[in-house]
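See structure below.
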Amino acid sequence: MNSEIEKNNEIQNKTTKKGGIRGLVKSGVSLSILTLCSRIMGLLRQMTLAKFLGTSSLSDAYQVAFNIPNLFRRLFAENSISVAFIPTFKGYLEKSDTPEGKKEAQNFVSATFTLMTFITVSFVVICIIITPILMRIFYKKGDTASITEATLLTRIMFPYLVLISIAAFFQGILNALKIFSPSGFTPILFNGIVVASAYILSPHTANPARAMAIGVVAGGAVQTFFQLPFVLKNNWKVTFTSLKKAFTNPGTRRVLALIGPTIIGMAAYQVNDVVSSALATRTGEGVFSSLSYSLRMQELILGICAVTIGTVILPDLTSFAQKNLWNEFTSLLSNSLKIMAFIAIPITFYSLLMDKNLIALLFETGEFDSESTTMTTNVFRCHIIGLYFIALNRILAPAFYAQQDTVRPTVAGLINFGTNIVLAAVLSKFWGGPGIALALTIASVVNTITLFIFVAKNKNISSSTVIKSSLLYSLRMVLFSVIASVPVYFLRGKIIGMFQGYNRFISQGIPVVITGLIFAVIGVGLMIVTRDPLLKSLARKFKR
């Protein structure tokens with residue numbers, strides 16, 4: 001197995017050296033397809049929520065309850081795995097070609113699994129007990145019915161945090177071995193189970209929110225156990241050890257040291273989300289739900305591009321950093337940022353052109369009426385303009401984590417936190433939900449600028465190459481997107497008018513398809529005429 005891993009690493013390194021874009025596309029294409037399916041299923045889950053709950057107070061209660069364990073998931077799962085576990089585990093893999101090295105790596109895996117399980121289980125038990133206190137943050141004292149329902153839903157879903165943390169641990173092992181597909185498939189299962197639960201269990205529960213809450217826990221369990229056979233197949237045991245060994249293992253001590261600086265940043269991030277959520281629920285009924293529907297749209301796009309590429313490049317960036325291959329590191333980072341511009345900027349322009357039609361097409365059914373569409377559209381406009389910057393942040397942060405630098409992303413996160421909290425508190429008073437969304441967008445821009453400043457100060461990376469190339473390519477995408485937007489802007493009214501009076505899949509869906517094709521044909525045509533190097537490289541790779 002170890003020789004196979006080394007061979008894969010060697011092939012990957014050679015591929016990336018020959019052309020960072022080609023290597024990146026080869027590694028990410030299967031994961032991109034799975035992530036696309038996952039995000040579509042996530043959108044279907046949100047559409048199901050919209051159908052059963054709309055933008056009602058019950059919808060707000062469910063979304064608050066769902067978001068609380070998800071806030072902490074980012075600390076116990078994604079943050080710990082990407083920042084600390086994968087870089088440390090990669091170091092053990094480099095030495096695992098000997099029996100002693102393999103044993104040390106296995107001890108590290110067992111120690112990490114024990115430590116993570118102990119911490120998350122303890123945390124969940126405490127949080128279930130104090131859930132009524134947590135609910136007071138989000139609701140006013142007189143809103144007794146909403147507090148009671150949100151408390152019950154939160155207690156049902158809190159065990160999901162333990163399950164998803166273990167699932168993320170398995171994902172970290174597989175990703176470090178350059179195995180991405182099993183982890184990419186599990187969110188599809190999760191979203192499918194939640195949707196099925198809404199339809200199957202709703203007649204047997206007090207309300208659809210409780211049915212979906214049960215589905216969340218069941219989906220988390222499936223996410224965990226689906227990946228386990230793949231971990232075992234690659235000769236890694238999942239066993240417990242004593243807490244003393246778990247806390248004293250050199251690898252786990254290294255993980256804790258790497259996580260330490262980020263805890264401040266992640267705590268700020270969580271407080272950020274909590275304050276934004278509290279502001280939303282206190283602003284008015286349905287505001288929090290409209291923000292959640294809008295963010296689901298944004299996450300669909302981010303999942304296709306930013307999350308996929310960020311997941312794929314982290315192991316390679318880590319390897320380049322450990323081997324001091326800084327030219328290759330710079331090339332991979334630059335190409336990743338260009339791909340972000342290639343995807344996110346055109347989508348932003350098109351989404352602004354057809355925002356209301358997109359929201360109505362996806363959500364306007366059942367309890368989600370025209371008023372809900374208007375509310376969500378107003379929020380979505382403020383969210384989507386920050387798409388590009390959020391995507392860049394999810395690529396720039398791994399560049400620091402790969403160098404085991406957790407301080408700079410943490411500082412950037414704290415700046416992001418301060419900016420968002422202040423702006424959300426001010427803008428929500430004057431503009432409600434859209435104000436909260438705009439605050440997040442502005443904070444994301446500030447975060448991107450801060451990370452680029454840190455890149456410029458990094459002596460290992462050729463910062464001028466990274467910043468100049470990504471900036472110039474982004475400006476090219478802005479220009480092409482503006483040109484492609486002009487005919488869509490003038491034709492959209494006539495196209496929409498041709499299909500009015502039919503059901504939403506025709507009245508909204510067909511105009512979205514037609515205008516999307518017009519926008520895409522013009523945009524791709526401009527790239528072909530100008531012989532865009534990124535498009536040519538991507539086309540060659542996909543053709544092969």
* Determine, stepwise, if the pair Val455 / Phe400 fulfils side chain to side chain contact (heavy atoms under 4.5 Å, CB included). => CA-CA 9 Å; Val455 168; Phe400 292 98; 3.8 Å; yes
* Asked: Do Phe190 and Tyr160 pass the ring pair (Phe, Tyr, Trp, His ring centres under 6.0 Å) test, and can you show the C-alpha distance, the side-chain angles, and the key distance before you say yes or no?
  -> CA-CA 11 Å; Phe190 170 79; Tyr160 170 72; 5.4 Å; yes
* Does the pair Thr186 and Val222 meet the rule for a side chain to side chain contact (heavy atoms under 4.5 Å, CB included), with working shown? -> CA-CA 8 Å; Thr186 55; Val222 172; over 6 Å; no
* In sequence, state the C-alpha distance, the side-chain angles, and the governing distance for Ser146 and Asp60, and then conclude on side chain to side chain contact (heavy atoms under 4.5 Å, CB included). => CA-CA 9 Å; Ser146 295; Asp60 287 345; over 6 Å; no
* Step by step, would you call Lys237 with Val109 a side chain to side chain contact (heavy atoms under 4.5 Å, CB included)? -> CA-CA 8 Å; Lys237 300 176 182 178; Val109 169; over 6 Å; no
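What you find for Ser165 and Thr120 is that their closest heavy atoms are OG-CG2, 3.7 Å. For the residue pair Ser444 and Asn393, the shortest heavy atom distance occurs at O-ND2, 3.4 Å. Heavy atoms only, all atoms of each residue included: Ile147 and Met135 are closest at CG2-CB, 4.0 Å. Between Ile188 and Met41, the shortest heavy-atom distance links the atoms CG2-CG, 3.9 Å. In this structure, Phe170 and Thr224 approach most closely via the heavy-atom pair CD1-O, 3.5 Å. Of all heavy-atom pairs spanning Thr419 and Ala443, the tightest one is CG2-CA, 4.0 Å.
If you take CD1 on Ile339 and OG on Ser334, they are separated by 11.0 Å, rounding to the nearest 0.5 Å. Atom CG of residue Leu49 and atom CD of residue Gln46 lie 5.0 Å apart, to the nearest 0.5 angstrom. Distance check, rounded to the nearest 0.5 Å: CD1 of Ile347 to CD of Gln298 gives 11.5 Å. Atom CD1 of Ile436 sits about 8.5 Å away from atom NE2 of His383, to the nearest 0.5 Å. Leu134 CG to Ile128 CD1: the interatomic distance, rounded to the nearest 0.5 Å, is 11.0 Å. Between the CG atom in Leu44 and the CE atom in Met47 there is a gap of 6.0 Å [rounded to 0.5 Å].
Using a 4.0 Å cut-off between a side-chain N of Lys or Arg and a carboxylate O of Asp or Glu, Arg210 and Glu149 qualify as a salt bridge.
Taking the side chain as every heavy atom from C-beta outward, Val194 and Phe66 never approach each other to under 4.5 Å. In this structure the side chain of Leu43 reaches within 4.5 angstrom of the side chain of Met297, judged on heavy atoms. The shortest distance between side-chain heavy atoms of Thr241 and Asn249 does not fall below 4.5 Å. At least one side-chain heavy atom of Tyr293 sits less than 4.5 Å from a side-chain heavy atom of Ser59. Side-chain contact check for Leu392 versus Ile395: every heavy-atom pair is 4.5 Å or farther apart. Inter-residue side-chain proximity for Arg394 and Ser336 is flagged as unmet; no heavy-atom pair is nearer than 4.5 Å. A 4.5 Å side-chain heavy-atom check between Phe389 and Asn447 finds every atom pair outside the cut-off. Here the side chains of Met157 and Tyr62 are in contact, with some heavy-atom distance below 4.5 Å.
Between the side chains of Thr151 and Thr131, no donor-acceptor pair of N or O atoms lies under 3.5 Å.
No donor-acceptor pair closer than 3.5 Å links the side chain of Asn458 to the backbone N or O of Phe454. Listed for the Ser110 side chain is no donor-acceptor partner under 3.5 Å among the backbone atoms of Asn107. The backbone N or O of Ala246 lies less than 3.5 Å from a partner atom in the side chain of Thr252, making a donor-acceptor pair. Side-chain N or O atoms of Ser96 include one that pairs as donor or acceptor with a backbone N or O of Leu93 at under 3.5 Å. For Asn335 (side chain) and Ser331 (main-chain N/O), a donor-acceptor pair under 3.5 Å exists by modelled atom type.
The ring of Phe108 has its center closer than 6.0 angstrom to the ring center of Phe85. Close placement of the Trp236 and Phe89 rings is indicated, their centers lying within 6.0 Å of each other.
For the side chain to side chain contact (heavy atoms under 4.5 Å, CB included) with Val446, the qualifying choice from Ile415, Asn420, Leu451 is Ile415, the only one to do so.
The aromatic rings of Phe52 and Tyr199 lie perpendicular to each other, with more than 60° between the two planes, well past the 30° mark.
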